[in-house]
Q: 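Quick one: the structure is below, questions incoming.
One-based numbering, in listed order, for ligands and for the atoms of each. Only a predicted model underlies this, so the values are computations on that prediction, with no experimental measurement involved.
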Amino acid sequence: MYLIKKNFLHFKENKITDQSVFLNRRKVILGAMGSIFAANFSNLYANNNNNNYNKVIKRNLTSFENISKYNNFFEFGTTKQIWKQAQKLKIENWKIEISGSNISDKNVFLEDILQKVGIEERVYKFRCVEAWSMVVPWNGFPLSKLIKILDPKSDTKYVEFETFFRPNEANNQKQSWYPWPYKEIITINEAMHPLSFIATGVYGKPLPKQNGAPIRLVLPWKYGFKSIKSIVKINFTNTKTKSFWETIAPKEYGFWANVNPNVPHRRWSQEYEKDIDTGNKYPTLLFNGYSEWVSSLYANVKSKSIFY
Ligand code: MTE
C-alpha cells in the first residue's frame with residue numbers, strides 16, 4: 001500500500017488548546033497508521049460538518065491531559081489511572097473481523113478503511129454513567145460510513161462490537177471472573193444515526209491507547225460504557241445479545257443506556273454531572289443534550305424503558 005511518509009505532527013495543531021505540555025511527553029505513534037492520519041488530518045477543518053451539534057456544548061473543551069489521564073479501560077485495571085499500563089497495547093496493522101455482512105473479506109484493515117473515509121472533527125459531550133462528564137474534540141468518521149462499506153446483510157437488526165482479548169498486553173484480562181472480551185451492542189438504526197461516530201483521534205492526533213486506540217465507538221447521547229474501545233470485531237445480527245456490563249449487572253447497565261436525569265442509577269442519582277476538568281456540577285440533560293436529533297430513534301420502540 002502507498003503511504004505518505006509524513007509525520008502528522010507537522011500538520012497544524014488544533015487551534016483550541018495549547019498542547020505543548022503534553023506533546024513533550026507523549027510518545028507518538030508513527031508508522032503506517034500515523035501516516036494515514038497525516039494524510040487525512042490535512043483536511044480536518046475543511047471537513048468539519050459538526051457545527052449544528054456544537055450548540056449543545058456550553059462548556060469549555062476538557063484538557064487533553066484529563067481526557068488522556070482519567071480513563072475507564074477495565075482491561076488495564078479498575079482505577080482511572082491506567083494510561084501507563086495501556087501503553088502495552090499493540091496497535092500496528094490493526095484488523096477488524098467482520099461477520100453478518102455481504103463483503104467477502106472476513107477481516108478488514110483499519111488502514112484500508114481510513115483510505116476510504118474522510119476524517120472530520122466532532123466536539124461531543126461525553127457523559128459517564130458514574131456521573132462525570134467531559135467535552136471532547138474527537139477526530140474520526142460517522143459510523144454510518146463504515147457500515148455502508150461493510151454492507152450488512154439485509155436482515156440486520158443489531159450491530160455488535162467487541163474489544164481485543166489479549167491478557168498478555170492487558171493485565172486485568174487475567175481476571176477470569178470478568179466476561180471478557182468487552183462487548184457492546186446497539187440497534188442498526190442507532191448505528192446509522194449521523195451522531196454515531198467512530199473515533200480514531202482526539203485533539204487532532206491519533207487516539208491515545210488509553211482512550212481506545214486505534215478505533216473506538218462514540219455515542220454521545222448514551223452513557224459512556226456503550227462507547228466501546230479498541231474494536232476488533234463487528235457483527236451484524238438480528239439477535240439481541242448481552243453486552244459486557246449487562247452480563248455483569250443487568251439491573252444497572254442495560255441495553256439502551258440513554259442519558260436521562262430522571263432515571264437514577266440503582267446506587268446513585270443521575271440528576272447532575274461533574275466536569276472532570278473544573279469539578280463544576282451541571283444538570284444532566286435528557287439524551288445528554290442531543291434529544292433534538294435522537295429522540296425520534298425511539299418513537300416506535302416498545303420497551304419498558306429506553307433509559308436502562
Ligand atoms: N471499552 C472497553 N473496551 N473497556 C472499557 O473498560 N469503558 C467504558 C467505555 N469503553 C470501557 C470501554 C466506559 S465505562 C467509559 S466511561 C468510557 O469507555 C471511557 O472512555 P475514556 O476513557 O476515553 O474517557
Side-chain angles (χ1 to χ4, degrees), residues 61-89 91 94 96 122-140 143 160-167 169-175 177-186 196-203 205-234 242-249 252-254 257-259 265 267-268 270 273-277 284 288:
L61 291 183
T62 303
S63 65
F64 185 68
E65 179 80 9
N66 278 334
I67 290 172
S68 59
K69 296 255 175 83
Y70 185 90
N71 301 101
N72 273 337
F73 205 162
F74 284 79
E75 286 84 340
F76 295 98
T78 53
T79 71
K80 301 281 179 280
Q81 284 74 44
I82 52 75
W83 70 272
K84 277 191 188 146
Q85 289 90 312
Q87 305 316 308
K88 263 187 133 180
L89 180 65
I91 59 166
W94 195 267
I96 304 171
R122 290 281 177 97
V123 180
Y124 279 164
K125 284 180 67 198
F126 189 86
R127 170 62 157 82
C128 179
V129 72
E130 296 163 341
W132 53 264
S133 65
M134 53 185 178
V135 180
V136 188
W138 302 106
N139 309 102
L143 174 59
E160 272 184 318
F161 301 87
E162 213 173 286
T163 299
F164 60 82
F165 179 65
R166 302 185 196 163
E169 292 168 37
N171 209 32
N172 208 34
Q173 289 191 320
K174 290 183 179 146
Q175 305 283 4
W177 37 270
Y178 282 105
W180 307 116
Y182 198 101
K183 283 191 193 120
E184 260 309 336
I185 178 161
I186 55 176
S196 296
F197 200 63
I198 290 286
T200 50
V202 66
Y203 269 113
K205 297 190 289 282
L207 211 53
K209 293 182 180 183
Q210 59 272 29
N211 292 95
I215 174 169
R216 75 172 293 172
L217 190 60
V218 183
L219 303 167
W221 71 99
K222 289 181 180 283
Y223 290 118
F225 68 88
K226 299 291 290 184
S227 294
I228 184 171
K229 296 178 168 182
S230 307
I231 297 164
V232 295
K233 275 192 197 172
I234 298 177
K242 283 203 164 97
S243 73
F244 178 83
W245 284 111
E246 203 180 352
T247 308
I248 295 172
E252 302 194 354
Y253 310 104
N258 291 312
V259 175
H265 185 273
R267 288 178 283 139
W268 58 82
Q270 295 291 20
E273 61 198 49
K274 192 165 139 186
D275 182 288
I276 63 163
D277 251 1
T284 302
N288 201 21

Q: Among K229, K80, E75, K69, which residue places a heavy atom closest to atom 22 (O) of ligand 1?
A: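 Minimum heavy-atom distance to atom 22 (O) of ligand 1 goes to K229.
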
Q: Can you sort out which atoms of ligand 1 are near F74, meaning under 4.0 Å from one of its heavy atoms?
A: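 It comes down to these atoms of ligand 1: 5 (C), 6 (O).
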
Q: So is S227 in contact with ligand 1, going by heavy-atom distances below 4.0 Å?
A: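 Heavy atoms of S227 do come under 4.0 Å of ligand 1.
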
Q: Do L217 and I198 have side-chain heavy atoms sitting under 4.5 Å apart?
A: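 Yes, close enough: below the 4.5 Å cut-off.
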
Q: Please identify each residue that fulfils side-chain hydrogen bond (donor to acceptor under 3.5 Å, both in side chains) with S133, with sequence neighbours left out.
A: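 Listed in chain order: R59, E273.
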
Q: With the threshold set at under 4.0 angstrom, would you say E184 reaches ligand 1 through any of its heavy atoms?
A: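 E184 does not count as a contact of ligand 1 under the 4.0 Å cut-off.
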
Q: At under 4.0 Å between heavy atoms, which part of K226 makes contact with ligand 1: side chain, backbone, both or neither?
A: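 No part of K226 is near ligand 1 at this cut-off.
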
Q: Side chain, backbone, both or neither: which applies to R216 and ligand 1 if a contact is any heavy-atom pair less than 4.0 Å apart?
A: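 For R216, only side-chain atoms sit under 4.0 Å from ligand 1.
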
Q: State, without any angle test, whether Y182 and W245 hold a side-chain donor-acceptor pair at a distance under 3.5 Å.
A: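 Looking only at side-chain atoms, W245 and Y182 do form a donor-acceptor pair, the distance falling under 3.5 Å.
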
Q: Please list the nearest protein heavy atom to atom 5 (C) of ligand 1 with its residue and the distance rounded to 0.1 Å.
A: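 So the nearest neighbour among protein heavy atoms is Y182 CE1, 3.3 Å.
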
Q: Mark yes when over 12 heavy atoms from residues, nucleotides or ligands other than K80 sit less than 6.0 Å from its NZ; otherwise mark no.
A: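 Check passes, neighbour count above 12.
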
Q: When you look for heavy atoms under 4.0 Å from ligand 1, do you find them on the side chain of F244, its backbone, both, or neither?
A: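 Under 4.0 Å from ligand 1, F244 contributes no heavy atoms.
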
Q: I'd like to know if Y223 contacts ligand 1, where contact means a heavy-atom distance under 4.0 Å to any ligand atom.
A: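 It does not; every heavy atom stays at 4.0 Å or beyond.
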
Q: What residues form a side-chain hydrogen bond (donor to acceptor under 3.5 Å, both in side chains) with K88, not counting sequence neighbours?
A: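 K88 satisfies side-chain hydrogen bond (donor to acceptor under 3.5 Å, both in side chains) with no residue once adjacent residues are dropped.
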
